[in-house]
Amino acid sequence: MAIEIVATGRAVPPNRVTNDDIAEKIDTNDEWIRSHTGIGSRYFAGENTASSDLAAEAAKNALAMAAGYTGGDIAERDRAAAEAAPAIDIIILATVSADYYGTPSTACIVQDKIGAVNAGAMDIAAACTGFIYSLETAAGILNINARRKKALVIGVEVLSKLINWNDRSTCVLFGDGAGAVVLEKKDSSDSGLQFSLLSADGSGNESLMIKRGGTRYPFKNGEVIDAADADRSICVGMNGQEVYNFAVRAITDTINALIKTTNINIDDITHIIPHQANSRIVQAASKRLQIPIEKFFLNIEEYANTSSASIPIALDEMNRGGKLKKGDLIMTVGFGGGLTSGGNIIIW
Ligand code: ACO
């Protein structure tokens, strides 16, 4: 039995925001952002766009590809996606910027938007490792029941609506977007998901958090939110230095553990697709592990940090760009809020 990625898709909002655009709003500049993070631009959702909207677009692109359509005509794409959607058995959606807190899940809203009428649907919150956790979860759900054949796995974020514009060291980091893959269970195949490593260190939960709005610090009727007060607002708060140190450790340890557990030689890996948080983190890991930087796929310059969406966006960009060949050995590696970390080994 094999769980193969048979199609990919992505979606970003049309509004591309450069570092210079951000520098018009806050005290920063293109040189600082590029040299400290590798980021050149990001995409921000409009007022009426929520995570489920981007997720549904990415899902439709993946479903259309699964049905054999990769062209640019939206009506044709929608027709192909609508044809493929009813065959999906389960939708797993990774996000930390859901349409709503708690319920309904964003996955359920996407299920309705794309017409996946036969699919179960649920969200996973594992921050920037969310897509890695979701792939393994979807594969497990397909494997445990002979009648389930296909899953849709989505990573999506609209972090621009959760940014604290008074904190210049975090507000420049994030972008919005979605990536999706269609998984199919095959009786026999040399391709597919081979192994996943899922880790967490909850003792670091306060290093990266959206503090307000949950049951620990709920909003109260009549409360006025002051965006300048990080402790009282609903924005992403991060101890950058702590997260940076964790991230370098996590990416290095995860790659080492994946290699050791699966007995793979690093030279046999065609591409490492890291979570796109900061190109300095990837460069530090590449140096520590003595793995050439060219093995790591980086697109953070264009999209910034899209958390749960960064790995599936990268997968789709590589797939549609012809960078992935059948038989390629691919490693994903992620790290983020929770604190979580992990990785997948996939044969394309
Ligand atoms: N523009 C200009 N100057 C800035 C900016 C900015 N946007 N932000 C901070 N600075 C200044 C600071 O004020 C400080 O100035 P000072 O020395 O005069 O006081 C100086 O730059 C250094 O500030 P630091 O916060 O120490 O900058 P650092 O080098 O640590 O970089 C960064 C900050 C980029 C956030 C880094 O800590 C980092 O990458 N952390 C990890 C983030 C991450 O990977 N998150 C991933 C998980 S998050 C997720 O994916 C959901």
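This is a predicted model, so every value here is computed, not measured. Residues take their numbers from the sequence shown, with the count starting at 1. Ligands are counted one by one from 1 in listed order, and the atoms in each one are counted from 1 as well. Just the heavy atoms: all of them, side chains too, but no hydrogens, waters or symmetry mates, feed the values below.
At a 3.5 angstrom cut-off on N or O pairs, Gly336 does not count as close to ligand 1. Annotation: Asn278 places an N or O atom under 3.5 Å from an N or O atom of ligand 1; distance criterion only. Any N or O atom pair closer than 3.5 Å counts here, and Asn29 shares no such pair with ligand 1.
Heavy-atom proximity to Val243, at under 4.0 Å, picks out these atoms of ligand 1: 43 (C), 45 (N), 46 (C), 47 (C). Atoms of ligand 1 found under 4.0 Å from any heavy atom of Val172, numbered from 1 in the order shown, are 7 (N). Every atom of ligand 1 is numbered from 1 in the order shown, and the set under 4.0 Å from a heavy atom of Ala277 is 44 (O), 46 (C). Listed by atom number, the atoms of ligand 1 under 4.0 Å from Thr37 heavy atoms are 34 (C). The ligand atoms of ligand 1 that sit less than 4.0 angstrom from a heavy atom of Gln241 are 30 (O), 37 (O). Counting atoms of ligand 1 from 1 in the listed order, those under 4.0 Å from a heavy atom of Arg280 are 29 (O). Within ligand 1, the atoms closer than 4.0 Å to a non-hydrogen atom of Cys128 are 49 (C), 50 (O), 51 (C), numbered from 1 in the order shown. Atoms of ligand 1 lying under 4.0 Å from at least one heavy atom of Ser169, given by number and element, are 8 (N), 9 (C), 35 (C).
Within a 6.0 Å sphere centred on OH of Tyr100, heavy atoms belonging to other residues, nucleotides or ligands number 12 at most.
Under 4.0 Å is where a charged nitrogen must lie from a carboxylate oxygen, and between Arg79 and Glu76 at least one such pair does. At a threshold of 4.0 Å, the pair Asp27-Arg168 counts as salt-bridged, since one of the basic side-chain nitrogens sits closer than that to a carboxylate oxygen. Here Asp253 does not pair with Arg249 in a salt bridge; the nearest charged N to carboxylate O distance is not below 4.0 Å. Using a cut-off of 4.0 Å between Lys/Arg side-chain N and Asp/Glu carboxylate O, Glu57 and Arg77 are scored as salt-bridged. The pair Lys323-Asp328 does not count as a salt bridge, with every side-chain nitrogen at least 4.0 angstrom from each carboxylate oxygen.
Contact annotation: for Val236 versus ligand 1, there are no heavy atoms closer than 4.0 Å. Counting heavy atoms under 4.0 Å from ligand 1, residue Ile281 touches it through the side chain alone. In Asn305, the part holding a heavy atom less than 4.0 Å from any atom of ligand 1 is the side chain.
Note: Trp165 and Phe44 have perpendicular aromatic rings, judged against thresholds of 30 and 60 degrees for the angle between ring planes.
Residues meeting the ring pair (Phe, Tyr, Trp, His ring centres under 6.0 Å) test with Phe246, sequence neighbours left out: none.
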